[in-house]
Number of protein chains: 2
Amino acid sequence: MTNFLAAGGLKRGEHESASLHADIVSQLRDFIVEGHLAPGSRIPERELCEKFGISRTPLREALKAIAAEGLIELLPNRGARVRQFSEADIRNLFEVLSGLDFVAGQMACARITDDAIAAIEKMHLEMYAHYLRRELVDYFRINQKIHQAIVDAAANPVLSANFASFNSIVRRLRYSANLVNRDRLGDAMREHEQIMDALKRRSANELGLLMFQHMQGKCEAVCEYLRDQQTEDSEPRALLEDAIF
Amino acid sequence: MTNFLAAGGLKRGEHESASLHADIVSQLRDFIVEGHLAPGSRIPERELCEKFGISRTPLREALKAIAAEGLIELLPNRGARVRQFSEADIRNLFEVLSGLDFVAGQMACARITDDAIAAIEKMHLEMYAHYLRRELVDYFRINQKIHQAIVDAAANPVLSANFASFNSIVRRLRYSANLVNRDRLGDAMREHEQIMDALKRRSANELGLLMFQHMQGKCEAVCEYLRDQQTEDSEPRALLEDAIF
DNA sequence: AAAGGACTTATTGAATACAAAATTGAGTAC
DNA sequence: GTACTCAATTTTGTATTCAATAAGTCCTTT
């Protein structure tokens with residue numbers, strides 16, 4: 001099931017933070033999301049214990065927690081392995097994300113401050129500039145910030161936590177898909193124009209639907225990208241490693 | 001974060017099932033959801049170990065997993081305690097549920113079979129009969145089945161798992177709220193009429209919005225109920241124990 | 001008598017140890 | 001040369017043990 005109120009903890013350096021468990025979970029999650037462990041590969045308990053400087057007990061507890069999040073799967077008597085997401089899985093994830101984006105849009109309209117709208121509009125214009133100059137990394141970075149700002153404006157920690165959880169899985173894919181499918185970028189930019197418009201008018205139903213459809217569009221782009229990858233390349237993961245974040 | 005693809009395992013009786021871990025997690029979750037442990041109370045590791053006939057290691061692993069689901073919280077050096085949901089928490093949960101219901105409606109329209117629609121309509125009529133006769137338990141039971149059927153029709157395991165996760169927390173409250181607020185029942189029935197209509201016409205946007213608004217309505221009813229409980233009674237949990245399921 | 005502190009006890013958190021299952025490898029038979 | 005079997009080793013799953021933190025109680029002091 002879902003961890004729906006976990007406070008996304010920052011990584012600690014050397015100094016102790018709140019709890020060892022939370023730290024290990026956070027570190028391990030990042031370690032997997034960042035792609036250090038190939039999807040489908042088994043998780044080497046021993047190595048990770050040495051890497052994190054802990055014994056097996058806390059590591060295994062962290063594994064169970066992350067399995068509950070869905071990032072890894074537990075095979076009976078065969079340990080844990082990194083979840084491998086099929087295209088169907090990705091579609092499913094995106095659909096749920098679309099629903100969360102819908103609520104975010106709905107609720108943001110009712111709760112967002114004028115200042116926050118102004119801040120988002122500023123980011124929007126900045127993103128547009130990057131779009132025109134085809135600066136994809138910056139474009140993508142601000143794009144993510146805008147979506148995050150709208151989700152935050154909904155002022156719902158449960159929503160934010162779940163959005164972050166799902167988004168962390170597909171973020172990398174979204175970036176890669178952007179790199180390949182340039183047509184989609186124009187559509188996305190137009191959709192963002194509409195989103196800004198609806199947000200400024202605080203039209204809840206409209207913004208919700210726009211954000212839903214926008215995310216669905218992203219899904220199609222990513223799935224197209226995945227299909228291309230699989231047909232032309234037997235090692236579909238290779239390119240993903242290039243993507244920053 | 002969210003466990004978003006955990007296969008909801010059945011409880012085992014005496015015979016061994018897939019894995020001990022999954023069993024313990026499932027049993028412990030039910031144990032908490034069923035209200036055997038009061039919200040806010042600390043979780044007695046030793047007792048539960050004896051109860052389930054296991055040692056502390058697998059129990060603690062289960063605790064971490066359920067904490068990741070959000071049902072309990074981990075206090076550093078003070079063990080785990082059952083999450084206490086404030087009205088704000090409930091609102092947040094309902095909002096996310098609304099979003100999931102929205103997607104469920106959207107996707108169900110595209111994917112549901114004619115037979116499934118017929119089956120839902122049959123349930124709908126049955127529910128209406130229970131509504132007229134004021135048979136609340138049966139009404140509520142079929143109501144849940146209808147919503148589940150629509151979610152299932154969306155054919156998205158990630159959505160289903162998350163919906164089940166959130167729903168398990170608010171289900172009990174919804175039932176109790178129904179008992180008290182009879183006015184809401186009439187509204188809900190009318191909304192269900194509209195939902196059936198949109199579903200038969202396979203009008204995706206319409207159904208999505210209807211289900212979203214329907215869930216929002218439930219949220220208001222539940223929050224009203226909670227406020228009533230808190231003002232007139234210092235022990236707001238007492239009544240909840242009456243609710244079957 | 002009340003408040004503060006120290007000591008005792010219980011509970012949590014992590015490491016180690018042990019048992020059971022699975023994977024790997026080699027050897028043998030076909 | 002290939003496939004199957006059996007043993008050995010690694011790895012997983014659980015129990016037990018040990019250390020550290022918190023809570024409760026009793027005693028002392030003002």
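Rotation axes derived from the C1' atoms of the five outermost pairs at either end of the helix from C:dA1-D:dT30 to C:dC30-D:dG1 lie 0° apart, to the nearest 10°.
Checked by atom type and distance alone, the side chain of B:Asn92 pairs as donor or acceptor with a backbone atom of B:Ala88 at under 3.5 Å. B:Arg83 places a side-chain N or O within 3.5 Å of a backbone atom of B:Gly70 that can act as its donor or acceptor partner. Between the side chain of B:Asp228 and the backbone N or O of B:Tyr225 there is no donor-acceptor pair closer than 3.5 Å. The backbone N or O of A:Ser86 lies less than 3.5 Å from a partner atom in the side chain of A:Asp89, making a donor-acceptor pair. Using a distance-only test at 3.5 Å, with no hydrogens or angles considered, a donor-acceptor pair links the side chain of B:Ser168 to the main chain of B:Ser165.
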Begin with the C-alpha distance, continue with both residues' side-chain angles, and end with the deciding distance and a verdict on side chain to side chain contact (heavy atoms under 4.5 Å, CB included) for B:Asn167 and B:Phe163.
CA-CA 6 Å; B:Asn167 197 42; B:Phe163 187 85; 4.1 Å; yes
In sequence, state the C-alpha distance, the side-chain angles, and the governing distance for B:Leu20 and B:Ile24, and then conclude on side chain to side chain contact (heavy atoms under 4.5 Å, CB included).
CA-CA 6 Å; B:Leu20 178 65; B:Ile24 301 288; 4.0 Å; yes
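Of the inter-residue distances, the one linking B:Ile72 atom CD1 with B:Lys64 atom NZ reads 8.5 Å to the nearest 0.5 angstrom.
A heavy-atom distance below 4.0 Å to DNA chain D is reached by these residues of residues 47-55 of chain B, ordered by number: B:Ile54, B:Ser55. A heavy atom lying under 4.0 Å from DNA chain C marks the following residues of residues 58-65 of chain B, by number: B:Arg60.
For B:Arg81, the salt bridge (charged side-chain N to carboxylate O under 4.0 Å, His left out) criterion is met by B:Glu73, not counting sequence neighbours.
Of all heavy-atom pairs between A:Leu59 and A:Cys49, the closest is CD2-SG, 3.8 Å. Nearest heavy atoms, B:Val82 versus B:Pro39: CG1-CA, 3.7 Å. In terms of heavy-atom proximity, B:Ala153 sits nearest to B:Arg111 at O-CB, 3.6 Å.
Rounded to whole angstrom, the span from the CD1 atom of B:Ile43 across to the P atom of C:dT12 amounts to 10 Å.
Residue-level contact check: B:Leu74 touches neither bases nor backbone, having no heavy atom under 4.0 Å from any strand.
Side chains of B:Val96 and A:Val103 form no contact here, defined as non-hydrogen atoms less than 4.5 Å apart.
For DNA chain D, the span of nucleotides reached by chain A at under 4.0 Å from its heavy atoms goes, 5' to 3', from D:dT11 to D:dT14.
Remark: B:Arg91 engages B:Glu220 in a salt bridge, criterion side-chain N to carboxylate O under 4.0 Å.
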Base-contact (B) and sugar-phosphate-only (S) positions in nucleotides 19-25 of chain C, heavy-atom cut-off under 4.0 Å, - elsewhere
--SSS--
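Taking the six-membered ring where tryptophan is involved, the planes of A:His214 and A:His147 are essentially parallel, since the angle between them stays under 30° and well short of 60°.
Each of B:Thr57 and B:Arg46 was assigned the nucleotide of DNA chain C with the nearest heavy atom; the assignment lying further toward the 5' end belongs to B:Arg46.
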